[in-house]
Amino acid sequence: IIGNSYGITLSASDGNNITNNNIDATGSFSKGIRLKSSSASNNILNNEINSTSYAVSIESSGSGGGNIIENNTINPGNIGLYVLTSRNNNFTNNTINSTSGSLAAIYVNKNSDNNRFEENNIIQAYNAIELNFAQYGGYYLPENNVFVNNTLSNIANYHFDMDAPIGATINGTYFIDQPIGKYLID
C-alpha cells in the first residue's frame, strides 16, 4: 500500500488480522495503520510500516482494546506507536527506527491504561517513551502501563518524558528490566 495518507484504517472493527503488509503512508497527518472507534481484538503482525507522521495509531478502543501489535518494522516520521484513549493492548517485539528526528518512538496519551510494551527495539528516535496528559475539565493521564525490557539506542533527547500537571500521577505504571537513562518529568 503506497502513497495514501492512511495505509489501513479499521473503525469499530473487531477480530481482524493485518499481517505481512508493506505500507508507505505519506502526507502531513499520515497514519500507516490506524485502529479507531472501539476497534478491539485485532492483530497487527509482521508488517513493514513507513509513515511521514504516525506509523501505528491505536485510538479510542474504549473498554475493549486487546489489540496485539507484534513483530513489525516501524519507520515513522513523527511517532512510531501512538496510543490515545486505548486500553489493554500489547506491543511486543517491534523494531522502531526514525531517521528524521521524530517526536517519540512510543507516545502514550490521555486515559490509555493497562497497555504493555515488551521487548521492543527502538533503534533511533528523538524521545524513546513519552506519557502525556489531556485536560478537559480535569486531568486525564495514562495509568497502569507496563514497559518491560525494551531496548533503547541512539536516543537524541530523553529515554522517558512525562508531561503532566503538578501533583498528577501515573499510578500503576511500571518499568521492569527497563533501562532509563536521561528522563524528564514536568
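One-based numbering along the sequence shown.
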Kindly state each residue pair satisfying side-chain hydrogen bond (donor to acceptor under 3.5 Å, both in side chains) with at least one member in residues 174-186, sequence neighbours excluded.
Asn150-Gln178
Measuring from Phe160:CZ to Ile180:CD1, what's the distance to the nearest 0.5 Å?
7.0 Å
For Glu118, which residues count as a salt bridge (charged side-chain N to carboxylate O under 4.0 Å, His left out) partner, sequence neighbours excluded?
Arg116
Hydrophobic cluster identity match, Val56 and Leu10, side-chain contacts under 4.5 Å
yes
Keeping Asn93 on the side-chain end and Asn120 on the backbone end, is there a donor-acceptor pair under 3.5 Å?
no
Would a distance-only check, ignoring hydrogens and angles, find a side-chain to backbone donor-acceptor pair under 3.5 Å from Ser39 to Lys36?
yes
After noting the C-alpha distance and the side-chain angles of Arg34 and Glu59, does the key distance pass the side chain to side chain contact (heavy atoms under 4.5 Å, CB included) rule?
CA-CA 8 Å; Arg34 181 184 190 200; Glu59 306 166 22; 3.1 Å; yes
Just to verify, what does Ser30 make a side-chain hydrogen bond (donor to acceptor under 3.5 Å, both in side chains) with, not counting sequence neighbours?
Ser51, Thr52
If you compare all heavy atoms of Asp14 against all heavy atoms of Ser38, which two are closest, and at what distance to 0.1 Å?
OD1-O, 3.5 Å
Please step through side chain to side chain contact (heavy atoms under 4.5 Å, CB included) for the pair Asn94 and Asn71, ending with a clear verdict.
CA-CA 5 Å; Asn94 298 290; Asn71 295 326; 5.6 Å; no
Side chains of Leu84 and Ile58: does their closest heavy-atom pair fall under 4.5 Å?
no
For Asp24, which residues count as a side-chain hydrogen bond (donor to acceptor under 3.5 Å, both in side chains) partner, sequence neighbours excluded?
Asn50
Output side-chain donor-acceptor pairs under 3.5 Å for residues 42-49, partner residues at least two apart or in another chain, one line each.
| unit_1 | atom_1 | unit_2 | atom_2 | d |
| --- | --- | --- | --- | --- |
| Asn42 | OD1 | Gly15 | N | 3.3 |
| Asn42 | OD1 | Asn16 | N | 2.8 |
| Asn42 | OD1 | Asn16 | ND2 | 3.0 |
| Asn42 | ND2 | Ser13 | O | 3.0 |
| Asn42 | ND2 | Ala40 | O | 3.2 |
| Asn42 | ND2 | Asn67 | OD1 | 3.2 |
| Asn43 | ND2 | Asn17 | OD1 | 2.8 |
| Asn47 | OD1 | Asn20 | N | 3.3 |
| Asn47 | OD1 | Asn21 | N | 2.8 |
| Asn47 | OD1 | Asn21 | ND2 | 3.1 |
| Asn47 | ND2 | Ile18 | O | 3.0 |
| Asn47 | ND2 | Leu45 | O | 3.1 |
| Asn47 | ND2 | Asn72 | OD1 | 3.1 |

For a 4.5 angstrom cut-off between non-hydrogen side-chain atoms, does Thr151 reach Ile122?
no
Answer yes or no: is there a side-chain heavy-atom contact under 4.5 Å between Asn115 and Asn88?
no
Does either side chain, that of Ser86 or that of Asn89, offer a donor lying less than 3.5 Å from an acceptor on the other one?
yes
With Thr95 via side chain to side chain contact (heavy atoms under 4.5 Å, CB included) - residues at least two apart
Asn121, Ile123
Using ring pair (Phe, Tyr, Trp, His ring centres under 6.0 Å) as the criterion, list what pairs up with Phe91, not counting sequence neighbours.
Phe117
For Ser5 and Ala25, the nearest pair of non-hydrogen atoms, with its separation, is O-CB, 3.8 Å
Check whether any side-chain heavy atom of Ile69 sits under 4.5 Å from a side-chain heavy atom of Asn90, and report yes or no.
no
Can you sort out the partners of Thr173 under side chain to side chain contact (heavy atoms under 4.5 Å, CB included), two or more places apart, ordered by chain and number?
Leu131, Asn145, Phe147, Ile170, Phe175
Tightest non-hydrogen contact, residues Ala128 and Leu152, listed as CB-CD2, 3.8 Å
Under the side-chain hydrogen bond (donor to acceptor under 3.5 Å, both in side chains) test, which residues partner Asn132, sequence neighbours left out?
Tyr107
Using the side-chain hydrogen bond (donor to acceptor under 3.5 Å, both in side chains) rule, collect all pairs that involve residues 152-165, keeping only residues at least two apart or in two chains.
Tyr126-Asn157, Asn127-Asn157
What pairs with Asp113 under side chain to side chain contact (heavy atoms under 4.5 Å, CB included), at least two apart in sequence or on another chain?
Arg87, Glu143
Evaluate side chain to side chain contact (heavy atoms under 4.5 Å, CB included) for Leu81 paired with Ile74, printing each intermediate quantity in order.
CA-CA 8 Å; Leu81 299 172; Ile74 299 168; 3.5 Å; yes
What is the distance from atom CE of Met162 to atom CG of Leu184, rounded to the nearest 0.5 Å?
9.5 Å
Donor-acceptor under 3.5 Å (Thr85 side chain, Ser112 main chain):
no
The complete set of ring-ring contact (aromatic ring centres under 6.0 Å, His included) pairs with one or both residues in residues 4-38, sequence neighbours excluded, reads none
For Ser53 and Pro76, the nearest pair of non-hydrogen atoms, with its separation, is O-CB, 4.1 Å
